[in-house]
There are 4 protein chains.
Amino acid sequence: MSGLMRRLRAGIVGGGRGAFIGAVHRIAAELDGQALVVAGAMSADAATARSSAEAWYLERSYDSYAAMAQAEAARSDGIDFVIVATPNHLHYPVARAFLEAGIHVVCDKPLAFTVAEAEQLVALVEGGKPLFALTHNYTGYPAVREARALVNNGALGELRKVLVEYNQDWLMTPLEQAGNKQAQWRTDPARAGVSCCVGDIGSHAENLLEFISGQHITALCADLTSFVAGRRLDDDANILLRLSGGAKGTLVCSQVACGEENALSIRLYGAKGGLEWRQQEPNTLLYKPPGAPWQNLRTGKNFSDGAAQAATRTPAGHPEGYLEAFANIYRAFGEQLRGGAVLEDEPGYATMDDALKGMNFLRAALESSRQGAVWVDL
Amino acid sequence: MSGLMRRLRAGIVGGGRGAFIGAVHRIAAELDGQALVVAGAMSADAATARSSAEAWYLERSYDSYAAMAQAEAARSDGIDFVIVATPNHLHYPVARAFLEAGIHVVCDKPLAFTVAEAEQLVALVEGGKPLFALTHNYTGYPAVREARALVNNGALGELRKVLVEYNQDWLMTPLEQAGNKQAQWRTDPARAGVSCCVGDIGSHAENLLEFISGQHITALCADLTSFVAGRRLDDDANILLRLSGGAKGTLVCSQVACGEENALSIRLYGAKGGLEWRQQEPNTLLYKPPGAPWQNLRTGKNFSDGAAQAATRTPAGHPEGYLEAFANIYRAFGEQLRGGAVLEDEPGYATMDDALKGMNFLRAALESSRQGAVWVDL
Amino acid sequence: MSGLMRRLRAGIVGGGRGAFIGAVHRIAAELDGQALVVAGAMSADAATARSSAEAWYLERSYDSYAAMAQAEAARSDGIDFVIVATPNHLHYPVARAFLEAGIHVVCDKPLAFTVAEAEQLVALVEGGKPLFALTHNYTGYPAVREARALVNNGALGELRKVLVEYNQDWLMTPLEQAGNKQAQWRTDPARAGVSCCVGDIGSHAENLLEFISGQHITALCADLTSFVAGRRLDDDANILLRLSGGAKGTLVCSQVACGEENALSIRLYGAKGGLEWRQQEPNTLLYKPPGAPWQNLRTGKNFSDGAAQAATRTPAGHPEGYLEAFANIYRAFGEQLRGGAVLEDEPGYATMDDALKGMNFLRAALESSRQGAVWVDL
Amino acid sequence: MSGLMRRLRAGIVGGGRGAFIGAVHRIAAELDGQALVVAGAMSADAATARSSAEAWYLERSYDSYAAMAQAEAARSDGIDFVIVATPNHLHYPVARAFLEAGIHVVCDKPLAFTVAEAEQLVALVEGGKPLFALTHNYTGYPAVREARALVNNGALGELRKVLVEYNQDWLMTPLEQAGNKQAQWRTDPARAGVSCCVGDIGSHAENLLEFISGQHITALCADLTSFVAGRRLDDDANILLRLSGGAKGTLVCSQVACGEENALSIRLYGAKGGLEWRQQEPNTLLYKPPGAPWQNLRTGKNFSDGAAQAATRTPAGHPEGYLEAFANIYRAFGEQLRGGAVLEDEPGYATMDDALKGMNFLRAALESSRQGAVWVDL
């Protein structure tokens, strides 16, 4: 690693008191001792913004993201990058403000609501300055990196079947009518966008599938439902998939699957092997060779891939979790930012290209479902 | 139990040396000491038929099923029922021969290849004499009975999502071109019928889903594939489902899912609870109440339903398996045959009605897929 | 297989209505179609004996085991072997009566209460006529056979550590004071012998350990307890072990381990590998090579040993359970009885030698505990 | 929380390049944004100390811990507490130096090698100034906190049986003869103390057992072994236990258990319930009520205890791991240090009292084993 002989300075927009994802971003950004969050515009409410910043001992608190972008860009000790952890409808304007100020951006998905917005952001990062990362955090797990490497190295042979799922139950009742703020904006088209379930978690499943398989979805047939009465956006989906390399499969996601916490999983079957991974027990990757025993590949012990090994911080048997996986996204972003030797075409985090794929997937799923669950090409 | 004060006498057609399913039927039929297999026409090859019968110490061996039906019907100590364990194309003629001879029939699925054939068999069992059972054996597991009871009792509330799977890998290579007899007839349209994967195992998944959910499939969108080059029938399918009660879901089956043995599983999610069951560890039924811990319901210990309790032979912790589940089908059939108090509308085994549903499901899946995976009503 | 061209004829002593183990023996003996239970003295109560025999459609019912031994020995179509499924205190007199009548015996453990009794039985089977088997049924699991073969073939290297457990909870309350008949005789020194927990289930753990490891216990240090007030025999034990080959370990058993059903498990660690098996999910054997992924060896799929393969009846993924394992004991006994080619020194079931080892283990454990849990040599 | 409106300043002794535990301490200390490591004496080798400090962007690097203690105590912006992450033999002198300088100490176990040393350290923290914490990090898991609360609240009733294990395999070969530095000091009596396996991991098992059960070990019978030829300290142990409340059990630990990574587990059985927890899948706590289904209590979802809930950072299904558990020790220490309302008698981390218990356990185990595995009182 070359570059700055200091921790990077980070800022954050959103993530104030009550939003669990704010603390996740801070922990993940700081976990490897490579960055420190020093500034924030943590809430649209000025008092909340200030008290949130105080609770985090931030050096600088701003009342608006616009003021923050301007001020930080002007300081000699300004932030190196900003974290965008707001509700969806603010991703675009906030990311734009900082990119225009020349500040690197780490942004929650989705990138934007419209293709026009997305194209503006794409234009701002052309040439790689400033950098942009989308937090598809589940690809940060060492086992996911190993799975990608195994597929890429041909351990599975030609892929035939892929089964990816992301099931939760937190919206199985009309929480949004009971005052839950997370539920309110997630089910509000104005703030969440065109979709709740597919947009929020189906898109993670889609990204995970494409990351590991190295293939993209070429067509889908999506059956979306709002099971909870009065809900304005989907809370469940069953989707048939066809992939660029000839594989077929299903993508299943739900926010009304009673009893499920955060059940993201993927299974891949090829002509020469199978793989299975489950996010809730993330340190085991099941490898299924033909006619031979399943092997329990384990984080920190059996991974063949350099990137998977490097993504591990503790010896085998010391379980790593969600925060460590999230931190791997920040680690890769930090290394890139410091000018490290990471290859441009596989930086270790999701880029604008992935962001656009995700938007396209969402568009196709909504279009398919609206027409009665017909096949739509991507 | 009332009726005969002796073991029932059974005969078998098919199941000769080399066909594992023959021994399964014999063990299942005899397991509870209620029946004994005494006669057989165990192979189309006369020598194999005789040597197979000898190995089983059968009292009477026949060279043809037709001869057997005639002779047994004429004997005062003739068989009480016949087991049809032949390749698919013989189910119809064999079942017909014995039903016409007034002998009760236990038959492997599918019932027949055409609606006309099926209607003839239906006519033969009208009025309940003779009896007919289709061996949808997976519904014999105590945990499956309990799951059905829980759904029926409202423990899950209104069903929203159902995910049923049946994945294997035994046809992941062109076994049928390598001399494997099981693979040869399973992939041969003349002997297996219109489908390999959906017909052989998808139909079990369909039956399991309908048995537990108490709902029937009203529409489906099926994407069938033959992944192995040269194969004439499907070896994989991904299917979207809509059920009569408003639930949606997927049915996934495969015979090319590398590493999978006999991975039949079902998950159901309702407004008030969830359930999960996996055939390979069949003595645990996961019950997922809302906002409370998952409960590991266990065979022989925690089942609330009388039928589930009665289907168990050993104390909890003494694992029951495939053969015991299969034997429960025969036990229920035997009780019905002896004139027991079992209700006609839920005899504990699959009937002509279920057989027809299975044929309809298969028809719809094939039709959907042939048209490009469009929605087809059932 | 050579010998008789008919099913063997079996008799049973004990196992009348209410005793689950009676039905287990019948199912196990008949499962492979090699034997049929035709006669019985199923209860000391004559009426119960008759009604039990009737429920099983037995041809002959006796009021006493003595009368049965005499009568069956005299018949030309008398039983080939007898099953002893009585409470412990009757094992010796019943086994003796049939052995003296020249009838082969399959007997539940323990063999006897005293060394003198045991020696009399040993004398009766010298020369191998008649045959005697003790139903250490857990060694009948295919995975247990495979484990034994792996150890024997050196896959684990020199054994270092063995951990064997058998935990239940059925005696966690004073059931014997509440009228439970099983609990009454199990906790009654006159009928159960010197021990409840160690004698009933600890002895299975001991046998399993010696069967798989190929080593015998040379010394132990046993801490036995009666946790339930008023209980006259032990209901829990923790035991340190030293084995003949230098391995050390623990044997833990309990009948008061709340929530446990029939949690028999074994783990073995050698210089070159480890193994783990759990009776409640008996079709998976975990193999743990050094520095490489764990492998899930599976019944019917990955077993290297001929005996393990032969002990399997269904294709992989069709779970086999307790009854099938028990049936493997009877299958081996039947093959031996028919004069098959099975080696005398590994007949596939526990012999007098194993029975004596079990009695010695029990003696040592009780002696150790009475002296304050000191080391006792075997 | 009250007190300082800034992050705490931490220093570290040991933990330089190559020692994984150094990074673990830094991450754990900083994870909640409550502290920042700013100074270090990270190696006895001056160059390594400097380069390690540089890699961490520390503000101040020292060549010796003595110089560091003196200098930091003298600075107005000196460190608030020091982390002792050296090999065992340095714990005592380093802790002493900082405590004498009035600086709070977080120290790896063991506290010291002799009772005399321990008593000196005890004297230095009497009155609670400065504070001292021992990093028994496994008690930081939310599920462990919940287990303690359940036992304490009587959910298990009177404890009867406890089974605690900690098995690894990293020393199954003579790594210390192959140049592995970790293995060299761990197996060297001069640097590790009287024990390798029991001291390093058995002591964690002992602490976990006492933390959850609320009982202390009153007597033990320990069989320690050095399985690897030439090894000077134990690498395996099997120990019988008796606890202050009447429970009995076993403590098993090993560093030669082939295939095990970091298999710390505990099972507790009482008159009214059972519990099971496994460190490698730390977010599930199995609760086993009598006669009712097992319940999967889950981190972030079903925990009844306030301390267990507070120890969780992410919603259920976002797995937390080893680092988060470790961070909970630092969080509690920081809160105490800031003068928070935490009760003195349960501060959320292990204290001098626990440290002394651990030393006493180790003494008794060694004494027992040396005398041939006899019972020794604690």
Side-chain angles (χ1 to χ4, degrees), chain B residues 141-151 153-156 160-161 163 212 265-270 272-278 281-309 311-312 314-320, chain D residues 141-151 153-156 160-161 163 212 265-270 272-278 281-309 311-312 314-320:
Chain B
Y141 280 108
V144 170
R145 304 267 162 117
E146 176 72 8
R148 174 185 171 91
L150 288 172
V151 172
N153 295 340
L156 269 60
R160 291 167 169 179
K161 193 176 190 80
L163 303 171
I212 292 179
S265 72
I266 188 166
R267 288 169 289 167
L268 303 105
Y269 300 100
K272 291 166 59 183
L275 281 180
E276 178 172 340
W277 178 75
R278 296 182 180 276
E281 303 295 5
N283 296 298
T284 297
L285 174 65
L286 288 172
Y287 167 53
K288 310 175 183 183
W294 287 13
Q295 296 179 16
N296 297 21
L297 308 181
R298 294 274 300 161
T299 300
K301 186 174 180 190
N302 313 116
F303 291 169
S304 60
D305 181 55
Q309 290 168 344
T312 306
T314 42
H318 300 74
E320 298 190 305
Chain D
Y141 279 108
V144 170
R145 305 267 161 119
E146 176 71 8
R148 174 186 172 91
L150 289 172
V151 172
N153 295 340
L156 269 60
R160 291 168 169 179
K161 193 178 190 79
L163 302 171
I212 292 178
S265 71
I266 187 164
R267 288 168 289 166
L268 304 105
Y269 300 101
K272 291 166 58 181
L275 281 180
E276 178 173 339
W277 179 76
R278 298 181 180 276
E281 304 295 5
N283 296 299
T284 296
L285 175 65
L286 289 173
Y287 167 54
K288 309 174 183 180
W294 287 13
Q295 295 179 16
N296 297 20
L297 307 182
R298 293 275 301 162
T299 300
K301 184 173 181 193
N302 313 116
F303 290 168
S304 61
D305 181 56
Q309 290 168 343
T312 305
T314 41
H318 300 74
E320 298 190 305

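From a predicted model like this one, the values you see are computed outputs, not experimental measurements. Letters A, B, ... are given to chains in the order of the sequence lines, protein chains preceding strands, and every chain is numbered from 1.
- D:Asn296 touches chain B through backbone and side chain together, each having a heavy atom under 4.5 Å away.
- From B:Trp294, atom CH2 reaches atom CG of D:Leu286 across 12.0 Å, with rounding to the nearest 0.5 Å.
- There is no contact between D:Ala316 and chain B, counting heavy-atom distances below 4.5 Å.
- B:Gln295 and D:Pro293 get closest at one heavy-atom pair: OE1-CG, 3.6 Å.
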